[in-house]
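Only one structure is covered here, and it is reproduced in the block below.
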Amino acid sequence: MDFAVARKRMVEAQLVKRGITDQRVIGAMLNIPRHIFVEEAMSAQAYSDGSLPIGEKQTISQPFMVAKMTEMLELTGREKVLELGTGSGYQAAVLATLADRVYTVERIRPLALKARKALDSLGLLNVNLRIADGTEGWPEEAPFDAILVTAGAPEVPQCLVDQLAIGGRLVIPVGDRTDQRLVRVVRNPDGSVVGDVSLDCRFVRLIGKHGWSEEP
Ligand code: SAH
C-alpha cells in the first residue's frame, strides 16, 4: 500500500471537499504518517474516513475531526499548546508541526507510552507528554495560547479557561455521554471570555475530576 497516495486522497476527499481551508493544517496532514499511530494490523485503514480503535477502549479521531479542531485553534507556529487526551499521539503530532511547543496529557499509561514512541520516531522533540488527569490542565506551564480537549466533557472546565492566555483559544467537545458539540472559547484581549458552538461530534469520555466519573 502506498501510504503517501492514501494520505493525499484522505486530504482531498475528507478535508478539502468538506471545507478545511487552512493550508498549514492541510500540509501537516499530508505529511504526518497517520498509519504509524494505529496497530500495524490496521494500517491499511489508517486513512479511512472514521475513528479507529487504539486499545484500552479508546480511539484515534476521524481525520476530518482532527483537521476541524486544529483549524479552530488558528495556529501560526508560535504557540504554546495544551492537548488533553493524547490517545495515539496523532493529534499531538499534527499540533507539534503547527505550533512552537505542545504539552499533552493522557490518563492511560500504555497509550501514553505507545504515543511517546510514535512521536519520538518522527523526531518531534517539541512534545511534552504527561500521564495524569488532564481535566486539571497543566498549571505549571500555563498560560497556553491554545488548548484542545480530544475527549467529550459534560461542561467546559473552568480551570482550563483559567489557563488560557490573552487571545487564547480552547476547543472542547461538550455534551452528554454519547453525543457532543464542539465548543470554542476565546479569551479576548481585554480578558473577557466568549464561547460559540459548532458541529456535532462523538468522542470517548473525558474522565477525571472536572469530567465524567470513572466508568461503572
Ligand atoms: N487525540 C487522540 C484521540 C484521543 S481519544 C489521538 O489523536 O489519537 C481520547 C483520549 O483521552 C483517550 O486516550 C483517553 O484515555 C483520554 N482521556 C480521557 N480522559 C482523560 C483525562 N482526564 N486526562 C487525560 N486523558 C484523558
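Each ligand, and each atom within it, is numbered from 1 in the order the structure gives.
Using the six-membered ring where Trp is involved, Tyr103 and Trp138 have ring planes that are perpendicular, over 60° apart on the 30 and 60° scheme.
Against a heavy-atom cut-off of under 4.0 Å, Asp133 is close to the following atoms of ligand 1: 21 (C), 22 (N), 23 (N). Of all the atoms in ligand 1, the ones that sit under 4.0 Å from a non-hydrogen atom of Val105 are 24 (C), 25 (N). Short contacts between ligand 1 and Ile108, defined as distances under 4.0 Å to a heavy atom of the residue, involve ligand atoms 15 (O). Each of the atoms 23 (N), 24 (C) of ligand 1 lies under 4.0 Å from some heavy atom of Ala132. Interface atoms of ligand 1 facing Ile60, defined by a heavy-atom separation under 4.0 Å, are 8 (O). Ligand 1 places these atoms under 4.0 Å from at least one heavy atom of Ser88: 6 (C), 7 (O), 8 (O). Ligand 1 places these atoms under 4.0 Å from at least one heavy atom of Arg205: 18 (C), 19 (N). Within the listing of ligand 1, atoms 1 (N) sit less than 4.0 angstrom from a heavy atom of Glu83.
The backbone and the side chain of Arg107 each have at least one atom closer than 4.0 Å to an atom of ligand 1 (non-hydrogen atoms only). Only the backbone of Thr59 comes within contact range of ligand 1, with a heavy atom under 4.0 Å; no side-chain atom does. Counting heavy atoms under 4.0 Å from ligand 1, residue Leu111 touches it through the side chain alone.
Annotation: side chain of Glu39 is in contact with side chain of Lys114 (closest heavy-atom distance under 4.5 Å). At a threshold of 4.5 Å between non-hydrogen side-chain atoms, the residues Thr86 and Leu111 do not count as touching.
Protein heavy atom in closest approach to atom 15 (O) of ligand 1: Glu106 OE2, 2.6 Å. Considering only non-hydrogen protein atoms, atom 12 (C) of ligand 1 sits nearest to Gln58 OE1, 3.3 Å. Protein heavy atom closest to atom 7 (O) of ligand 1, with residue, atom name and distance, is Gln91 N, 3.0 Å. Protein heavy atom nearest atom 19 (N) of ligand 1, with residue, atom name and distance: Ile207 N, 3.0 Å.
Asp145 places no side-chain N or O within 3.5 Å of a backbone atom of Gly168 that could act as its donor or acceptor partner. Side-chain atoms of Gln163 come within 3.5 Å of backbone N or O of Glu136 as a donor-acceptor pair. In terms of modelled atom types and a separation under 3.5 Å, the side chain of Arg205 and the main chain of Gly152 share no donor-acceptor contact. Within the 3.5 Å criterion, the main-chain N or O of Thr178 finds a donor-acceptor partner in the side chain of Asp176. Between the side chain of Arg107 and the backbone N or O of Ile131, no donor-acceptor pair lies under 3.5 Å. No donor-acceptor distance shorter than 3.5 angstrom exists from the side chain of Arg184 to the backbone of Gly195, with no hydrogens or angles considered.
At under 3.5 Å, a nitrogen or oxygen of Gly85, whether backbone or side chain, sits near a nitrogen or oxygen of ligand 1. Where the criterion is an N or O separation shorter than 3.5 Å, residue side chain and backbone included, Ser61 fails it with respect to ligand 1. Polar contact with ligand 1: present for Gly134 (N/O pair, distance under 3.5 Å).
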Should Asp49 and Arg18 be marked as a salt bridge (charged side-chain N to carboxylate O under 4.0 Å, His left out) after you check the CA-CA gap, both sets of side-chain angles, and the distance that decides it?
CA-CA 12 Å; Asp49 189 11; Arg18 292 189 189 135; 2.4 Å; yes
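Using a non-hydrogen distance threshold of 4.0 Å, Val204 registers as a contact of ligand 1. Proximity of Ile54 to ligand 1 is not established, as no heavy-atom distance is less than 4.0 Å.
Salt bridge absent: Asp100 and Arg78 never bring a charged side-chain N and a carboxylate O closer than 4.0 Å.
Checking Thr70 against Gln91 by side-chain atom types alone, a donor-acceptor pair falls below 3.5 Å.
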